[in-house]
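In what follows, a single structure is set out as structure tokens and then discussed.
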There are 2 protein chains.
Amino acid sequence: MFSQTVEYALRAVVFLAHRSPNPGICEDIALGTKVPRPYMAKVLQGLVKAKILHSQRGLGGGVTLNIEPANLTLLQVVNAVDPIKRITRCPLDLASHGVKLCPLHRRVDSALASIEQAFGSTTLAEILSETGGSIPLCDFSPKRFTLNQVTAVPPERKKGRQSFPNSGKD
Amino acid sequence: MFSQTVEYALRAVVFLAHRSPNPGICEDIALGTKVPRPYMAKVLQGLVKAKILHSQRGLGGGVTLNIEPANLTLLQVVNAVDPIKRITRCPLDLASHGVKLCPLHRRVDSALASIEQAFGSTTLAEILSETGGSIPLCDFSPKRFTLNQVTAVPPERKKGRQSFPNSGKD
DNA sequence: TCAATATTGGACAAGATAGTCTTATTCTAG
DNA sequence: CTAGAATAAGACTATCTTGTCCAATATTGA
């Protein structure tokens, strides 16, 4: 029903939110979410293009959330990689139906609306706070913090990308 | 979001329900629902295999609903051609999650549940009765009744497939 | 400036879905 | 029994999604 890309994007965003505002590198994210690395890179690119994430190249770089978890809904993530297309016109292009949907497509669109509702009403922050004993995705230890550094917080970025430039929708 | 196959299957079933209990031939259904004929044939086959429809070969044959419109929900049709797969186990197979879903997948599954709810609560009969001025799909005139016969009801089938053998779910 | 790190982007392969076509098979009518 | 009508079934093509790989580019730190 939902594409792999959507599933992977959601995992990545939750993973990132969990470490927010620390950046995550593709390899860690892929490992932590059990997604093939090369494919995760592609999914991440899509999220960067949609302004959900911010990417920083070079040493010490990685991707970070571009929106505060409290202001980022699952729907925004879903729409960024695989938009939910509501039905606004008769798919059969019947003149007699005009802009009014027939009973069938009214129901289909209503199902679509309920998905929007379900995803739109949940923020990343809620997901994080709701860990009933189990961390959202996994308890895997990322490469950077175990192998390279032991500090919980990485050294301050020079360019100061530590805060969230966008506080809400784009 | 929903596959073409699902969309086409729903159109076909509504089309058939609208003429129920008269049989419809593939060509008419394809024309009336604006679906490529050969592909409609394949979709119809799937619905027959799922016992939603009954097919009758030979002269005067065609496909008919196998379930009364009042007892047939959109969900049954959707599940017949492209089943909604609810999430019952952690897709990452994390031991720490066990059978309990993490907050993310709880939400995704809940979105899936809302689709089931939306489609499961509507019967074909409701769709038909809800024609607010516009016939569910179209006002196309089928080949059989315009070219071959003018009678509203086709001649009785010898084998007597006029009634609905299954009154509800399979 | 040099080297290491990490994203970017494009080419490429495999698999699933969508759509087409042709040949059987089944049934009715005469 | 035969001819015609209609579905059944399978092979086949095309397109989209998923997944892989590699070279190019950007950034940091020394």
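Hydrogens, waters and symmetry mates are skipped; everything else that's a heavy atom, side chains included, is used. Here is the naming used below: chain letters follow the sequence lines, and residue numbers restart at 1 for every chain.
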Inset, instruction - Taking the side chain as every heavy atom from C-beta outward, state whether A:Val78 and A:Ile115 have any pair of such atoms under 4.5 Å apart. - result: no

Legend entry - Contacts of B:Gln117 that satisfy side chain to side chain donor-acceptor pair (under 3.5 Å) - sequence neighbours left out: none

Inset, instruction - Could you check how far CD of A:Glu27 sits from C1' of C:dA6, rounded to whole Å? - result: 11 Å

Legend entry - Protein proximity profile, nucleotides 11-24 of chain D - base contact B, sugar-phosphate-only contact S, no contact -, cut-off 4.0 Å on heavy atoms: B------SBBB---

Inset, instruction - Not counting sequence neighbours, which residues clear side chain to side chain donor-acceptor pair (under 3.5 Å) with B:Ser55? List them please. - result: none

Legend entry - Overall bend - the helix from C:dT1-D:dA30 to C:dG30-D:dC1, comparing terminal axes fitted on five pairs, nearest 10 degrees: 10°

Please list, one pair per line, the donor and acceptor atoms closer than 3.5 Å that link side chains of residues 37-48 of chain A to other protein atoms, with sequence neighbours excluded.
residue, atom, partner, partner atom, Å
A:Arg37, NH1, A:Glu27, OE2, 3.4
A:Tyr39, OH, A:Thr5, OG1, 2.9

Legend entry - Nearest atoms (heavy-atom pairs only) where B:Arg107 meets A:Thr122: NH1-OG1, 2.8 Å

Inset, instruction - Output all residues satisfying side chain to side chain donor-acceptor pair (under 3.5 Å) with B:Ser3, sequence neighbours left out; order by chain, then residue number. - result: B:Asp82

Legend entry - OP1 or OP2 of D:dT28 under 4.0 Å from side-chain N/O of A:Gln56: yes

Legend entry - OP1 or OP2 of C:dT8 under 4.0 Å from side-chain N/O of A:Ser55: yes

Inset, instruction - Please determine if B:Arg19 forms a cation-pi arrangement with B:Phe15, meaning its NZ or CZ atom is less than 6.0 Å from the six-membered ring centre and no more than 45° off the ring axis. - result: yes

Inset, instruction - Just jot down the side chain to side chain contact (heavy atoms under 4.5 Å, CB included) partners of A:Ala125, sequence neighbours excluded, or say none. - result: A:Pro69, A:Ala70, A:Thr123

